[in-house]
Amino acid sequence: MLKGVALGLFAVVVLAATGFFVWAKTPMSATASSLASVSADERVEVMSRPDTVVMRPTETAATGQGLVFVAGARVDPQAYEQTFAGLVATGVTVVVERPTLGFGILDPRPLSTFTDLAPEVDAWAVGGHSLGGVRACQYAADDTSVDALVLLGSYCATTDLSDDDELAVLSLGGSEDGLSTPAKIATYRDMLPGSASMVEIDGSNHAQFGSYGAQSGDGSATISDEEARERITRQLTSFFAGVGV
(Lines give C-alpha, C1' and ligand atoms only; values in the text may rest on other atoms or scores of the structure.)
Protein backbone atom coordinates (compact mmCIF):
# COMPACT_ATOMS: atom_id res chain seq x y z
CA MET A 1 0.00 0.00 0.00
CA LEU A 2 2.78 2.44 0.98
CA LYS A 3 4.64 1.55 -2.20
CA GLY A 4 1.52 2.35 -4.22
CA VAL A 5 1.11 5.71 -2.48
CA ALA A 6 4.78 6.56 -3.07
CA LEU A 7 4.49 5.69 -6.75
CA GLY A 8 1.35 7.79 -7.00
CA LEU A 9 3.04 10.80 -5.41
CA PHE A 10 6.05 10.36 -7.69
CA ALA A 11 3.77 10.31 -10.72
CA VAL A 12 2.06 13.52 -9.56
CA VAL A 13 5.43 15.26 -9.13
CA VAL A 14 6.60 14.12 -12.57
CA LEU A 15 3.39 15.28 -14.21
CA ALA A 16 3.53 18.64 -12.41
CA ALA A 17 7.16 19.17 -13.39
CA THR A 18 6.42 18.18 -16.98
CA GLY A 19 3.45 20.53 -17.08
CA PHE A 20 5.53 23.41 -15.72
CA PHE A 21 8.31 22.76 -18.22
CA VAL A 22 5.90 22.71 -21.15
CA TRP A 23 4.14 25.86 -19.87
CA ALA A 24 7.44 27.69 -19.25
CA LYS A 25 8.76 26.79 -22.69
CA THR A 26 5.64 28.09 -24.44
CA PRO A 27 6.33 31.82 -24.67
CA MET A 28 4.07 34.69 -25.52
CA SER A 29 5.15 35.28 -29.11
CA ALA A 30 5.87 38.51 -30.92
CA THR A 31 3.03 39.73 -33.09
CA ALA A 32 3.47 39.22 -36.82
CA SER A 33 2.92 42.93 -37.47
CA SER A 34 5.71 43.97 -35.09
CA LEU A 35 8.18 41.58 -36.69
CA ALA A 36 7.22 42.80 -40.16
CA SER A 37 7.66 46.41 -39.07
CA VAL A 38 11.20 45.86 -37.79
CA SER A 39 12.11 43.69 -40.77
CA ALA A 40 11.18 46.57 -43.06
CA ASP A 41 13.15 49.11 -40.96
CA GLU A 42 16.37 49.73 -42.88
CA ARG A 43 17.90 51.50 -39.90
CA VAL A 44 18.13 48.27 -37.90
CA GLU A 45 19.81 44.89 -38.37
CA VAL A 46 18.40 41.97 -36.38
CA MET A 47 20.14 38.66 -35.77
CA SER A 48 17.92 36.09 -34.06
CA ARG A 49 19.76 33.32 -32.22
CA PRO A 50 18.42 30.40 -30.14
CA ASP A 51 19.11 32.24 -26.86
CA THR A 52 19.22 35.91 -27.90
CA VAL A 53 18.15 38.59 -30.32
CA VAL A 54 20.96 41.00 -31.28
CA MET A 55 19.99 44.36 -32.78
CA ARG A 56 22.52 46.71 -34.38
CA PRO A 57 22.25 50.10 -36.13
CA THR A 58 22.85 50.13 -39.89
CA GLU A 59 22.45 53.75 -40.98
CA THR A 60 23.78 55.52 -37.88
CA ALA A 61 27.31 55.05 -36.59
CA ALA A 62 27.40 52.84 -33.51
CA THR A 63 27.87 54.89 -30.35
CA GLY A 64 29.77 52.20 -28.47
CA GLN A 65 26.79 51.91 -26.13
CA GLY A 66 24.96 48.66 -25.51
CA LEU A 67 22.02 47.27 -23.58
CA VAL A 68 21.59 43.69 -22.41
CA PHE A 69 17.87 43.29 -21.86
CA VAL A 70 16.20 40.36 -20.07
CA ALA A 71 12.80 39.41 -21.50
CA GLY A 72 9.80 39.20 -19.19
CA ALA A 73 8.60 35.82 -17.94
CA ARG A 74 7.58 33.59 -20.85
CA VAL A 75 7.89 36.43 -23.37
CA ASP A 76 9.68 35.72 -26.64
CA PRO A 77 12.71 38.06 -27.01
CA GLN A 78 11.54 38.96 -30.51
CA ALA A 79 8.55 40.67 -28.89
CA TYR A 80 10.94 43.48 -27.88
CA GLU A 81 12.33 44.16 -31.34
CA GLN A 82 9.78 46.87 -32.01
CA THR A 83 10.28 48.32 -28.51
CA PHE A 84 13.97 48.94 -29.15
CA ALA A 85 14.07 49.64 -32.90
CA GLY A 86 13.98 53.40 -32.36
CA LEU A 87 16.80 53.28 -29.79
CA VAL A 88 18.94 51.04 -31.99
CA ALA A 89 18.45 53.45 -34.88
CA THR A 90 20.26 56.12 -32.81
CA GLY A 91 23.39 53.92 -32.61
CA VAL A 92 22.82 51.76 -29.50
CA THR A 93 23.33 47.98 -29.77
CA VAL A 94 20.71 45.87 -27.96
CA VAL A 95 21.03 42.22 -26.95
CA VAL A 96 17.75 40.71 -25.76
CA GLU A 97 18.25 37.62 -23.61
CA ARG A 98 16.02 34.56 -23.81
CA PRO A 99 16.07 33.40 -20.15
CA THR A 100 16.46 29.81 -19.02
CA LEU A 101 13.02 28.16 -18.87
CA GLY A 102 11.55 31.53 -19.78
CA PHE A 103 12.26 33.08 -16.35
CA GLY A 104 15.14 35.53 -15.93
CA ILE A 105 15.46 34.86 -12.20
CA LEU A 106 16.26 31.20 -12.99
CA ASP A 107 19.04 32.05 -15.45
CA PRO A 108 22.52 31.44 -13.96
CA ARG A 109 24.53 32.65 -16.95
CA PRO A 110 26.89 35.58 -16.33
CA LEU A 111 26.42 38.90 -18.12
CA SER A 112 29.50 38.21 -20.25
CA THR A 113 27.54 35.47 -22.05
CA PHE A 114 25.64 38.28 -23.75
CA THR A 115 28.11 41.17 -23.85
CA ASP A 116 30.57 38.91 -25.69
CA LEU A 117 28.12 38.87 -28.61
CA ALA A 118 28.85 42.56 -29.26
CA PRO A 119 32.59 43.13 -28.73
CA GLU A 120 32.32 46.54 -30.41
CA VAL A 121 30.45 47.91 -27.40
CA ASP A 122 32.55 49.57 -24.68
CA ALA A 123 29.86 50.78 -22.27
CA TRP A 124 27.02 48.54 -21.11
CA ALA A 125 23.62 49.05 -19.55
CA VAL A 126 21.40 46.20 -18.35
CA GLY A 127 17.64 46.13 -18.29
CA GLY A 128 14.56 44.00 -18.16
CA HIS A 129 10.80 43.84 -18.38
CA SER A 130 8.71 42.52 -15.50
CA LEU A 131 10.55 39.57 -13.87
CA GLY A 132 13.38 40.16 -16.33
CA GLY A 133 14.05 43.42 -14.53
CA VAL A 134 14.61 41.54 -11.27
CA ARG A 135 17.45 39.64 -12.98
CA ALA A 136 18.80 42.86 -14.49
CA CYS A 137 19.07 44.35 -11.00
CA GLN A 138 21.18 41.34 -10.00
CA TYR A 139 23.44 41.90 -13.01
CA ALA A 140 23.86 45.53 -11.99
CA ALA A 141 24.87 44.50 -8.47
CA ASP A 142 27.20 41.67 -9.47
CA ASP A 143 29.02 43.00 -12.53
CA THR A 144 31.27 46.06 -12.31
CA SER A 145 31.08 46.60 -16.07
CA VAL A 146 27.47 47.80 -15.78
CA ASP A 147 27.07 51.58 -16.05
CA ALA A 148 23.28 51.90 -16.18
CA LEU A 149 20.01 50.10 -15.48
CA VAL A 150 16.76 50.28 -17.45
CA LEU A 151 13.55 48.89 -15.94
CA LEU A 152 10.39 48.56 -18.03
CA GLY A 153 7.33 47.72 -15.94
CA SER A 154 9.62 46.29 -13.27
CA TYR A 155 11.46 46.94 -10.00
CA CYS A 156 14.37 45.62 -7.92
CA ALA A 157 12.49 43.19 -5.72
CA THR A 158 15.49 41.33 -4.28
CA THR A 159 18.53 43.56 -4.91
CA ASP A 160 19.35 46.76 -3.05
CA LEU A 161 21.13 49.23 -5.34
CA SER A 162 20.37 52.30 -3.26
CA ASP A 163 24.03 52.91 -2.32
CA ASP A 164 25.31 52.75 -5.91
CA ASP A 165 25.49 56.47 -6.62
CA GLU A 166 27.39 55.92 -9.87
CA LEU A 167 24.66 53.77 -11.42
CA ALA A 168 22.36 55.66 -13.79
CA VAL A 169 18.80 54.31 -13.61
CA LEU A 170 15.70 54.76 -15.75
CA SER A 171 12.48 53.19 -14.48
CA LEU A 172 9.50 53.31 -16.84
CA GLY A 173 6.11 52.25 -15.54
CA GLY A 174 2.59 52.42 -16.88
CA SER A 175 -0.33 54.02 -15.07
CA GLU A 176 -2.59 51.15 -16.18
CA ASP A 177 -0.10 48.34 -15.51
CA GLY A 178 -2.00 45.60 -13.71
CA LEU A 179 1.08 43.49 -12.92
CA SER A 180 3.97 45.81 -12.03
CA THR A 181 1.52 48.35 -10.71
CA PRO A 182 2.50 51.95 -9.86
CA ALA A 183 2.00 51.01 -6.19
CA LYS A 184 4.46 48.11 -6.42
CA ILE A 185 7.05 50.26 -8.20
CA ALA A 186 6.66 52.89 -5.48
CA THR A 187 7.04 50.25 -2.75
CA TYR A 188 10.44 49.21 -4.09
CA ARG A 189 11.63 52.71 -5.00
CA ASP A 190 14.07 52.73 -2.07
CA MET A 191 15.98 49.82 -3.65
CA LEU A 192 17.23 52.23 -6.35
CA PRO A 193 19.69 55.13 -6.08
CA GLY A 194 18.18 58.47 -5.11
CA SER A 195 19.11 59.85 -8.54
CA ALA A 196 17.05 57.25 -10.41
CA SER A 197 14.71 58.69 -13.03
CA MET A 198 11.19 57.42 -12.30
CA VAL A 199 8.78 57.93 -15.18
CA GLU A 200 5.14 56.83 -15.36
CA ILE A 201 3.61 56.67 -18.83
CA ASP A 202 0.03 57.82 -18.46
CA GLY A 203 -2.41 55.40 -20.07
CA SER A 204 0.07 52.58 -20.73
CA ASN A 205 -0.20 49.02 -19.43
CA HIS A 206 2.24 46.15 -18.83
CA ALA A 207 2.05 44.44 -22.22
CA GLN A 208 2.79 47.66 -24.11
CA PHE A 209 6.44 47.41 -23.14
CA GLY A 210 6.59 44.60 -25.70
CA SER A 211 4.62 43.49 -28.74
CA TYR A 212 3.01 40.18 -27.81
CA GLY A 213 -0.66 40.98 -27.38
CA ALA A 214 -2.80 41.06 -24.26
CA GLN A 215 -1.55 39.55 -20.99
CA SER A 216 -3.63 37.96 -18.26
CA GLY A 217 -3.97 40.13 -15.17
CA ASP A 218 -2.95 43.32 -16.95
CA GLY A 219 -4.89 46.57 -16.89
CA SER A 220 -6.60 48.13 -19.90
CA ALA A 221 -4.47 50.67 -21.73
CA THR A 222 -6.07 54.01 -22.58
CA ILE A 223 -3.48 54.92 -25.22
CA SER A 224 -2.61 53.06 -28.42
CA ASP A 225 0.34 50.70 -28.73
CA GLU A 226 1.92 53.14 -31.17
CA GLU A 227 1.66 56.08 -28.78
CA ALA A 228 3.02 54.01 -25.88
CA ARG A 229 5.94 52.87 -28.03
CA GLU A 230 6.72 56.44 -29.10
CA ARG A 231 6.82 57.58 -25.47
CA ILE A 232 9.02 54.64 -24.47
CA THR A 233 11.41 55.34 -27.34
CA ARG A 234 11.60 59.01 -26.43
CA GLN A 235 12.49 58.19 -22.83
CA LEU A 236 15.07 55.56 -23.82
CA THR A 237 16.87 57.72 -26.38
CA SER A 238 16.95 60.69 -24.01
CA PHE A 239 18.32 58.52 -21.19
CA PHE A 240 21.12 56.97 -23.27
CA ALA A 241 22.06 60.34 -24.74
CA GLY A 242 22.15 61.92 -21.29
CA VAL A 243 24.08 59.33 -19.27
CA GLY A 244 26.66 58.63 -21.95
CA VAL A 245 26.93 54.94 -21.13
**Message:** Checking Glu81 against Thr83 for the side-chain contact (heavy atoms from CB on, under 4.5 Å) test, could you report, in this order, the C-alpha distance in whole Å, the side-chain angles of both residues, the deciding distance, and whether it holds?
**Reply:** CA-CA 5 Å; Glu81 289 183 13; Thr83 300; over 6 Å; no
**Request:** Examine distances only and state if a side-chain atom of Asp147 and a backbone atom of Ala123 form a donor-acceptor pair shorter than 3.5 Å.
**Result:** no
**Fill in**
In short, Ala30 meets Asp76 closest at the heavy-atom pair N-CB, 4.2 Å
**Message:** Using 30° and 60° as the class boundaries, would you call the ring planes of Tyr139 and Phe114 parallel, tilted or perpendicular?
**Reply:** perpendicular
**Message:** With heavy-atom distances below 4.5 Å as the criterion, would you say the side chains of Ser211 and Asp225 are in contact?
**Reply:** no
**Verdict with reasoning, Leu151 to Cys137, per side-chain contact (heavy atoms from CB on, under 4.5 Å)** = CA-CA 9 Å; Leu151 299 174; Cys137 294; 4.0 Å; yes
**Asked** Do Thr60 side-chain atoms and Thr90 backbone N/O form a donor-acceptor pair below 3.5 Å?
**Response** no
**Request:** Working to the nearest 0.5 Å, report the span between CG of Leu87 and CZ of Phe69.
**Result:** 11.0 Å
**Message:** To check you understand the geometry: which heavy-atom pair defines the closest contact between Ala118 and Thr93, and what is its length?
**Reply:** CB-CG2, 4.0 Å
**Message:** Quick one, Asp142 and Pro110 - any side-chain contact, counting heavy atoms below 4.5 Å?
**Reply:** no
**Min side-chain heavy-atom separation Gln208-Ile201 under 4.5 Å** = no
**Prompt:** Could you walk me through whether Ser180 and His206 pass the side-chain contact (heavy atoms from CB on, under 4.5 Å) check?
**Reply:** CA-CA 7 Å; Ser180 295; His206 195 74; 3.5 Å; yes
**Request:** Working to the nearest 0.5 Å, report the span between CG of Asp143 and CD of Gln138.
**Result:** 12.5 Å
**Message:** Between Arg98 and Pro50 (side chain of the first, backbone of the second, donor and acceptor by atom type, cut-off under 3.5 Å), is there such a pair?
**Reply:** yes
**Request:** State yes or no: do Ile232 and Leu35 share one hydrophobic cluster built from I, L, V, M, F, W and Y residues joined by side-chain heavy-atom distances below 4.5 Å, directly or via other members?
**Result:** no
**Prompt:** If Ile, Leu, Val, Met, Phe, Trp and Tyr residues are connected whenever their side-chain heavy atoms lie under 4.5 Å apart, and connections chain through other members, are Leu172 and Leu179 in the same group?
**Reply:** no
**Prompt:** Distance-only, no hydrogens or angles: does the Thr237 side chain make a donor-acceptor pair with backbone N or O of Arg234 under 3.5 Å?
**Reply:** yes
**Message:** Show the nearest heavy-atom pair for residues Gly128 and Ser154, with the distance to one decimal.
**Reply:** O-CB, 4.1 Å
**Asked** Taking side chain as C-beta onward, heavy atoms only, is Thr52 less than 4.5 Å from Leu117?
**Response** yes
**Prompt:** Which pair of heavy atoms, one from Ala157 and one from Met191, lies closest together, and at what distance?
**Reply:** O-CE, 4.1 Å
**Asked** Which atom pair, heavy atoms only, marks the closest approach of Val92 to Pro57?
**Response** O-CD, 4.2 Å
**Prompt:** For the side-chain contact (heavy atoms from CB on, under 4.5 Å) test, which of Glu227, Arg229, Gln235 pairs with Arg231?
**Reply:** Glu227
**Message:** Quick check: do Tyr80 and Val75 have side-chain heavy atoms less than 4.5 Å from each other?
**Reply:** yes
**Test item: Ser204 and Ile223 side chains (from C-beta on) under 4.5 Å apart, heavy atoms** = yes
**Request:** Quick one: pull up OG in Ser130 and CZ in Arg74 and give me the separation to the nearest 0.5 Å.
**Result:** 11.5 Å
**Item:** Polar side-chain atom of Thr187 near backbone of Ala183 as donor-acceptor pair, under 3.5 Å
**Value:** yes
**Message:** Are the side chains of Asp190 and Ser162 in contact, using a 4.5 Å heavy-atom criterion?
**Reply:** no
**Item:** From CZ (Arg189) to CE (Met198), nearest 0.5 Å
**Value:** 5.0 Å
**Message:** Nearest 0.5 angstrom please: Phe209 CZ to Asp177 CG, how far?
**Reply:** 6.5 Å
**Message:** Under the criterion salt bridge (charged side-chain N to carboxylate O under 4.0 Å, His left out), I'd like the reasoning laid out for Arg56 against Glu120: C-alpha separation, chi angles, the key distance, then a yes or no.
**Reply:** CA-CA 11 Å; Arg56 288 184 170 90; Glu120 72 276 15; 2.7 Å; yes
**Prompt:** For Val95 and Trp124, what are the C-alpha separation, side-chain angles and deciding distance, and is it a side-chain contact (heavy atoms from CB on, under 4.5 Å)?
**Reply:** CA-CA 10 Å; Val95 179; Trp124 282 102; 4.2 Å; yes
**Request:** Give the minimum heavy-atom separation between Ser175 and Glu200, together with the two atoms involved.
**Result:** CB-OE2, 3.3 Å
**Message:** Tell me if a side-chain donor or acceptor on Thr58 pairs with a main-chain N or O of Glu42 at a distance below 3.5 Å.
**Reply:** yes
**Fill in**
dist Asp107:CG -> Asp51:CG (nearest 0.5 Å) comes out at 9.0 Å
**Prompt:** Taking side chain as C-beta onward, heavy atoms only, is Leu170 less than 4.5 Å from Leu236?
**Reply:** yes
**Prompt:** Any donor and acceptor pair, going by atom type alone, linking the side chain of Asn205 with main-chain N or O of Ser220 inside 3.5 Å?
**Reply:** no
**Message:** Which label fits His129 and Tyr212: parallel for a plane angle under 30°, tilted from 30 to 60°, or perpendicular past 60°?
**Reply:** tilted
